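Below is one structure, written out as structure tokens; comments come after it.
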Amino acid sequence: KTATEGKYVTVVNPVRSRELWKDKSLKPIEDQYKTINNLGLKATWLVQDDVTEDKELISRIKSFDQNQELGLFLEVSKNLAYKSRIYFNEQRPWYDPGVVFLSGYSQSERKRLIDTMMNDFKTTFGYLPKSAGAWWIDSISQQYLENKYGIKTVMIVADQKTTDNYGIWGQWWGVPYHPDPKNILVPGKSKTVVIQWAQRDLAKAYNGEGKQTSNYSIQANDYTSLGLDIKYFEKLAKVYLEAGQLTVGLETGMESVGQETEYEKQLQWLADNKVQSVTMSEFSDVYGSNNPEKVTLGEWTLTPEYRENKTLGERTDYIKGMVFKDYFDKDEANFLNRVYTKNNLVDSFRMPWRWIIGGILLLLIIVSKTSWRILIPGLVILTVARLLRYSVVNGERMLGVLVDSFRFVGMSDKLRLVNQDFPGVVARSMLKIEVKDVYFFIWIVMAIIISLGVRLYDKRRTNK
């Protein structure tokens, strides 16, 4: 059983900044659009935030016909991070998982980055997108996209153990599903539908690691690198279409360059076989509101509780309430390890010790009638100390506060008022006093004790 009635193809083309294209002219996107348009197909173009500043490219995208949907490609760039006032590690390559994915940032930073992308998209196109994608989307970001912005469909990469610094493993094998709100790889109750990029060969992409394994996929540049041709695509496409949905596309200006002919063969075959093309958001409309109880794909059995392939000796049980660590913390590692195994998961409940301790201390402040004249100065001093920075820039000594990731306000040894943005590396390297949260708690306890001591002393004086 599948969650859809019929066979659907979702053509998706990620569009990054032209700085990353092999051919920096408009030819790559012109070639892709011409092929799609000539066949009367629908497609979704996932636009990276940097593209919104490319007026020539945006003008061409805006001229696409009504069959084309525009969505967000959720990769983080230096420019996007700066606009969001968030530090971006420029010493890493742009494709490093620790900088390019939202999971490389704190929860609050992810939301700011998404807000910036959404605002830029709306300013550019006049509306908010309904679709978004990236090779990895953490569950905090997925839920934020769904609950605040109404995103209907997201796309992540299909299972690959170790390719391009990414290891993602354990989701339904190439088949769409509603994810669990706390773990995007687990089928669950989210309204959003997950589709997968580069759906893999049902058997050949399972054993082994690296591109020699993961390149057994539906994607043109993958299988042609192995010496395979359109016949391989047709064989694999038929299997996934029996399950209801196929994702086809190429990264514009990058993998699309040199694959124009194969891409056209793929789309021509889909058109000839009258496979219904839908955009990403439209696929959400035709997909069921709930995951099917069971999907059979070749030797794979996929259910909301587990996935299993007895021939390959695989069974992944979906443990409810388990999440990857990026649910709580930023993951700055240069390898994205999202393999669904017990030793790689943590409980979705984390004791909120800071809030508990803070609540207890607040109650003690009220009950003990702690003097605010004693409490507040210490908290202000600790806050300022946390922001305080010292550095020497071009031989000029500077002392002041860092109000965000870049903005420094202070004085120099030349008695010059400084109020400016510094490059992220400079701002990050400024000397600072390490003021931990526990210091605030310690001061509050001290303020309570001091206040009690002062009142006890005053009471004794009064009784004399």
Side-chain angles (χ1 to χ4, degrees), residues 10 12 14 16 46 73-75 93-104 133-139 142 154-177 179 183-187 194-228 232-233 236-237 239-240 243 245-251 254-255 259 297-300 302 307-309 311-316 318 324 326 331 333-341 343-345:
T10 315
V12 184
R16 295 187 179 93
L46 296 179
F73 200 49
L74 301 170
E75 289 188 346
W94 70 268
Y95 52 82
D96 190 300
V99 294
V100 75
F101 292 139
L102 290 165
S103 56
W135 302 160
W136 173 250
I137 303 175
D138 64 276
S139 295
Q142 182 269 317
V154 297
M155 182 185 74
I156 61 175
V157 76
D159 270 17
Q160 54 182 41
K161 286 184 179 177
T162 55
T163 307
D164 300 328
N165 297 82
Y166 319 142
I168 298 174
W169 198 260
Q171 61 191 309
W172 274 9
W173 191 269
V175 175
Y177 57 92
N183 195 315
I184 198 169
L185 293 189
V186 176
V194 172
I195 65 172
Q196 299 178 41
W197 175 263
Q199 291 151 298
R200 314 290 177 191
D201 191 294
L202 278 65
K204 292 179 180 177
Y206 182 82
N207 291 308
E209 301 183 359
K211 292 184 177 181
Q212 287 302 310
T213 298
S214 64
N215 279 2
Y216 284 104
S217 89
I218 208 80
Q219 197 169 323
N221 61 291
D222 280 351
Y223 66 76
T224 56
S225 72
L226 299 174
L228 299 169
Y232 178 76
F233 168 82
L236 200 52
V239 176
Y240 279 105
Q245 188 271 343
L246 179 71
T247 303
V248 175
L250 286 172
E251 297 163 72
M254 302 177 73
E255 278 71 15
Q259 295 292 332
L297 181 75
E299 299 296 324
W300 286 96
L302 311 169
R307 79 173 194 184
E308 185 175 34
N309 188 320
T311 302
L312 296 173
E314 146 90 20
R315 181 177 171 114
T316 296
Y318 298 126
F324 292 108
D326 65 11
D331 183 357
N334 58 13
F335 182 81
L336 185 82
N337 184 15
R338 296 298 179 270
V339 178
Y340 193 89
T341 56
N343 62 354
N344 204 28
L345 298 166

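Here the structure is a predicted model, which is why all the values come from computation and not from measurement. Sequence positions, counted from 1, serve as the residue numbers for this chain.
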Looking at [X] and [Y], would you say the former's side chain and the latter's main chain have a donor-acceptor pair under 3.5 Å?
X: Asp326; Y: Asp331; answer: no
X: Arg200; Y: Asp159; answer: yes
X: Gln199; Y: Thr247; answer: yes
X: Asn344; Y: Asn337; answer: yes
X: Asn334; Y: Asp96; answer: no

Contact check, side chains of [X] and [Y], non-hydrogen atoms, under 4.5 Å:
X: Thr10; Y: Gln245; answer: yes
X: Leu297; Y: Tyr240; answer: yes
X: Pro14; Y: Trp197; answer: yes
X: Val239; Y: Trp300; answer: no
X: Glu314; Y: Glu299; answer: no
X: Val194; Y: Ile137; answer: no

Rounded to the nearest 0.5 Å, what separation is found between the [atom1] atom of [X] and the [atom2] atom of [Y]?
X: Lys204; Y: Leu228; atom1: NZ; atom2: CG; answer: 6.5 Å
X: Leu250; Y: Glu255; atom1: CG; atom2: CD; answer: 7.5 Å
X: Glu75; Y: Leu46; atom1: CD; atom2: CG; answer: 10.0 Å
X: Gln142; Y: Leu102; atom1: CD; atom2: CG; answer: 12.0 Å
X: Asn309; Y: Arg315; atom1: CG; atom2: CZ; answer: 12.5 Å

Examine the side chains of [X] and [Y] and answer whether a donor and an acceptor come within less than 3.5 Å of each other.
X: Ser214; Y: Gln160; answer: no
X: Gln196; Y: Trp173; answer: no
X: Tyr223; Y: Asp201; answer: no

Pick out which of Asp222, Leu226, Leu202 makes a side chain to side chain contact (heavy atoms under 4.5 Å, CB included) with Tyr216. Leu226
Give the intermediate values and the outcome of side chain to side chain contact (heavy atoms under 4.5 Å, CB included) for residues Tyr340 and Asn183. CA-CA 10 Å; Tyr340 193 89; Asn183 195 315; 3.6 Å; yes
Using the rule given for side chain to side chain contact (heavy atoms under 4.5 Å, CB included), can you reason through Arg16 versus Trp94, listing the C-alpha separation, both sets of side-chain angles and the distance that settles it, and then say yes or no? CA-CA 12 Å; Arg16 295 187 179 93; Trp94 70 268; 3.6 Å; yes
Dump the intermediate steps for side chain to side chain contact (heavy atoms under 4.5 Å, CB included) on Phe324 and Leu185, then the final yes or no. CA-CA 10 Å; Phe324 292 108; Leu185 293 189; 3.8 Å; yes
Which heavy atom in [X] sits nearest to a heavy atom in [Y], and how many Å separate them?
X: Gln171; Y: Tyr318; result: C-OH, 3.5 Å
X: Phe335; Y: Lys161; result: CZ-O, 3.8 Å
X: Ala158; Y: Ala198; result: CB-O, 3.4 Å
X: Ser139; Y: Ile184; result: OG-N, 2.9 Å
X: Ala237; Y: Ile218; result: N-CD1, 3.6 Å
X: Leu336; Y: Trp136; result: CD2-CB, 3.4 Å

NZ/NE/NH1/NH2 to OD/OE distance under 4.0 Å, Asp164 and Lys211: yes
Under the criterion ring-ring contact (aromatic ring centres under 6.0 Å, His included), which of Trp135, Tyr95, Tyr166 is the partner of Phe101? Tyr166
